[in-house]
Amino acid sequence: MIDKTVPDAATAVAGIRDGATVMIGGFGRAGQPVELIDALIAQGAGDLTIVANNAGNGDTGLAALLAERRVRKIMCSFPRQHDSWVFDGLYRAGEIELEIVPQGNLAERIRAAGAGIGAFFSPTGVGTELAAGKEERTIDGRRYVLEYPIAADVALISARTADRWGNLVYRETARNFGPVMASAAATTIVQVDEIVPLGSIDPETVVTPGLFVDRVVAVGRRAWLDEDGFIGGVDIEGRPLDAVEEVAR
Amino acid sequence: MIDKTVPDAATAVAGIRDGATVMIGGFGRAGQPVELIDALIAQGAGDLTIVANNAGNGDTGLAALLAERRVRKIMCSFPRQHDSWVFDGLYRAGEIELEIVPQGNLAERIRAAGAGIGAFFSPTGVGTELAAGKEERTIDGRRYVLEYPIAADVALISARTADRWGNLVYRETARNFGPVMASAAATTIVQVDEIVPLGSIDPETVVTPGLFVDRVVAVGRRAWLDEDGFIGGVDIEGRPLDAVEEVAR
Amino acid sequence: MTTRITRAALAARIASDIPEGAVVNLGIGAPTLVANFLPADLEIILHTENGLLGMGPAPEPDRIDPDLINAGKQPVTALPGAAYFHHADSFAMMRGGHLDVCVLGAFQVAQNGDLANWSTGAPGAIPAVGGAMDLAIGAKQVFVMTDLLAKDGSSKLVAECSYPLTGVGCVTRVYTDHAVFDVVDARFVVRQAFGDNTVETLRTLTGLELS
Amino acid sequence: MTTRITRAALAARIASDIPEGAVVNLGIGAPTLVANFLPADLEIILHTENGLLGMGPAPEPDRIDPDLINAGKQPVTALPGAAYFHHADSFAMMRGGHLDVCVLGAFQVAQNGDLANWSTGAPGAIPAVGGAMDLAIGAKQVFVMTDLLAKDGSSKLVAECSYPLTGVGCVTRVYTDHAVFDVVDARFVVRQAFGDNTVETLRTLTGLELS
């Protein structure tokens, strides 16, 4: 029997090595695998290269991993945000390396790694400083720049539901980088709200087929979700509204 | 109100011009837009370049279009089949041009056209006669050949269900080339079993978002399908089993 | 001082140029205002690059859903007819030329259509590009929404961009608080001057040959 | 005459080398027989390049579904845990190296792992490649299933392919009716000789240096 489920987040992230390249899914908070990142912090691997869209928010998740000085380099499209103070401080102190990649090139380069493409001519970034030094070619009268795949040792992603074969479905815009990252990593580790019996996911609606997935851990249904429609009452970070009022008081 | 539905197949294929490049979906019979091809035959455009996986089966659909001498060239991966006699005869008589494209390159080149990729280095075909004369490059120790996008003036595809915005879902392995072809044509024309009200398709399960689709025509539910599970009783071409027995008698 | 229309009026002006059925991406910041002025009786489909087509307005406060956000990471809704997709598919839509219009902010637009809107190039600034470069090259029409003049009074419409480029020759039209300009043959053409602005006063403000 | 095992026995031999959990693509023709010998108590996931992972056996005759076929265009079924996807995604799985094993037929296999299985190069033949070239380069292990000898008695294992190539250096193991060979350092190594075959008799049949 194929069973990719593991009992807890610590087991899920076991074996990630110093120096690894780790993709981390999510766009802002949506789809960010917070529990897996927390487990990676506890696990201890350092000298990491992180591939993600952002460079951490506030003091939790990816920002906490950065604060622990466990990241050597980050490849992302949009590090600078109103609450990216952890990254900002490390960058200004010269303690973290940054490679800025336009968001579409980031997604397509990750897909290319998963799809066996050696390199591709991209229309994005042509004539800008982010294409400086890159090979350029005019094809059918349009300028392109050659971009190479981005692969990883490990991908940490978040989905809504999995089965024991690792088939995944996502939820709304939390899907974002999950499917392409799952395809581009040697080991893909997924946190989900819930694991359902094999055969429960309609094969027409599977977004990430199980062959891309290595380990799945259920981290529990989010209290603010409801199968029969959204019940609301949270802020943008998922905190209950009365707790928000509490903080505001 | 956006309404991409048209009343019949003839309206759907109106305006296809002589000399057009036309993609035709389907893998064998599955997903082949038979009603649209029949309408194209009636419509009259000729000197066509066809992009498809196969080169027609039996005497219907794409084979009938070929038999009418309306196709100048075909790009496909697998023309030769037990029932491809129409194509075979034209090819042997030198009356149709053939470009063989490995199936994965065909799919990826069509995707590239839809995704704005100028060209890509493919691992498939390296060192074979199908890569003769193509640019080759070794990247990270692996050999690749440079492949260019395939775009079309028109795509004719088949899906199961659409709404009036052109959102599509497919059925089983009839999905095949539909989604990539829809993205790569200036005008994408779709036949579906049924058109449902806007909002009836779960946004998590849309396979082809409506922005890729221009015209949709409902050609009627196939009698051998049933919402609550397949009812069977047909041969591989969808003919009722008693009709098959009739033919066999 | 010449007439300047308000940001809301400018958003309404842009909205009036978007036809029914258009697929539109509204960039972060001021361009998001355009959504407020799209006529409710017209179906215009909004794309957000983080994976949603058919984006609706902000939810009621008690219906905020952290999984459903726009590119600016604000809570949004999904309309009937919406579709979700992953990031590579989303940017393929954009880069493949399937969006009809995108509306972007700008630091500078050059008369050849070059756009600078992602970095001032200031020393010590942390670079962040997001989807700006993809958007700049990825719609059939790239509209810019901006004040004509920067805070220091310099023109944002320039002969050549001095800030780092976002995209080359990509802008088709610039909507400013003073006037609307088209980019035609490497030159700005005044399509509409607001209030008491004239081609002549706009030449003075921008220092450019306009027509 | 040396021992030759049946095609069914060969399919069973191949099946015995496929571990639980493997993702496997079985090529058109003889390789599809392997499915019949995969142990029912092991979960092995079959991929068919026309868009299905988790392919099951042929349906009952009255359950034939023309929308649900394999790469050979035969009716199949989908198992619990299956997933459908489009052609570009399906070949991305293959070309990206996500399949563990594929089993292919062959006209010739060279000792450096070159495979020829799509065209005899005969004049007047209509070329047709399908997914053969993608499969050849697209699995972690590429197994070939073939008779050792062609109908004319010539060896299908060769020093160099004379037929048009499908893939370069791609074959890892060859299962024939006489023996099983691994491709190691541009040479065939006999892993198992069936019946009274020996490395010596196989050398005679193939004309190759074997070890």
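The sequence lines fix the lettering, A, B, ..., with proteins before strands; numbering per chain opens at 1.
For B:Val101, the part sitting under 4.5 Å from any heavy atom of chain D is the backbone (N, CA, C, O) and nothing else. Using a 4.5 Å cut-off between heavy atoms, D:Tyr84 touches chain B through backbone and side chain atoms alike. In this structure, chain B has a heavy atom under 4.5 Å from the backbone of D:Thr166, while its side chain stays farther away. In this structure, chain D has a heavy atom under 4.5 Å from the side chain of B:Phe87, while its backbone stays farther away. Both the backbone and the side chain of B:Asp88 come within contact range of chain D, with heavy atoms under 4.5 Å apart. For a residue to count as touching a neighbouring chain, one of its non-hydrogen atoms must lie under 4.5 Å from one of that chain's; by this rule D:Asn70 touches chain B with the backbone only.
Ion pairing between a basic and an acidic side chain is recognised when a charged N comes within 4.0 Å of a carboxylate O; D:Arg173 and D:Asp17 show such pairing. Remark: B:Glu135 engages B:Arg137 in a salt bridge, criterion side-chain N to carboxylate O under 4.0 Å.
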Pair B:Val51, B:Leu106 - check side chain to side chain contact (heavy atoms under 4.5 Å, CB included), show working.
CA-CA 9 Å; B:Val51 180; B:Leu106 185 64; 4.0 Å; yes

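Contact count against chain D (heavy-atom pairs under 4.5 Å) is highest for B:Gly104 among B:Gly127, B:Pro179, B:Gly104, B:Ala174. Contact tally against chain B (heavy-atom pairs below 4.5 Å) for D:Arg95, D:Glu49, D:Glu60: the top residue is D:Arg95.
Residues from residues 138-148 of chain B that place a non-hydrogen atom less than 4.5 Å from a non-hydrogen atom of chain D comprise B:Arg142, B:Arg143, given in numerical order. Residues of residues 75-83 of chain B lying within less than 4.5 angstrom of chain D, judged on heavy atoms, are B:Ser77, B:Phe78, B:Pro79, B:Arg80, B:Gln81 in numerical order. Interface residues of residues 23-37 of chain B toward chain D, defined by a heavy-atom distance below 4.5 Å and sorted by number: B:Phe27, B:Gly28, B:Ala30.
Contact annotation: the side chain of D:Gln192 approaches that of D:Arg13 to within less than 4.5 Å [non-hydrogen atoms, C-beta and beyond]. Looking only at side-chain heavy atoms (C-beta outward), D:His47 and D:Met94 come within less than 4.5 Å of each other. Looking only at side-chain heavy atoms (C-beta outward), D:His86 and B:Phe177 stay at 4.5 Å or farther from each other.
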Compile the donor-acceptor pairs under 3.5 Å between side chains in residues 27-39 of chain D and protein atoms, sequence neighbours left out, one pair per line.
{"from": "D:Thr32", "atom 1": "OG1", "to": "D:Gly29", "atom 2": "O", "distance (Å)": "2.7"}

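Crowding of D:Arg7 atom CZ: a count of heavy atoms from other residues, nucleotides or ligands under 6.0 Å not exceeding 12.
When atom types are taken as modelled, the side chain of D:Arg203 and the backbone of D:Glu209 share no donor-acceptor pair closer than 3.5 angstrom.
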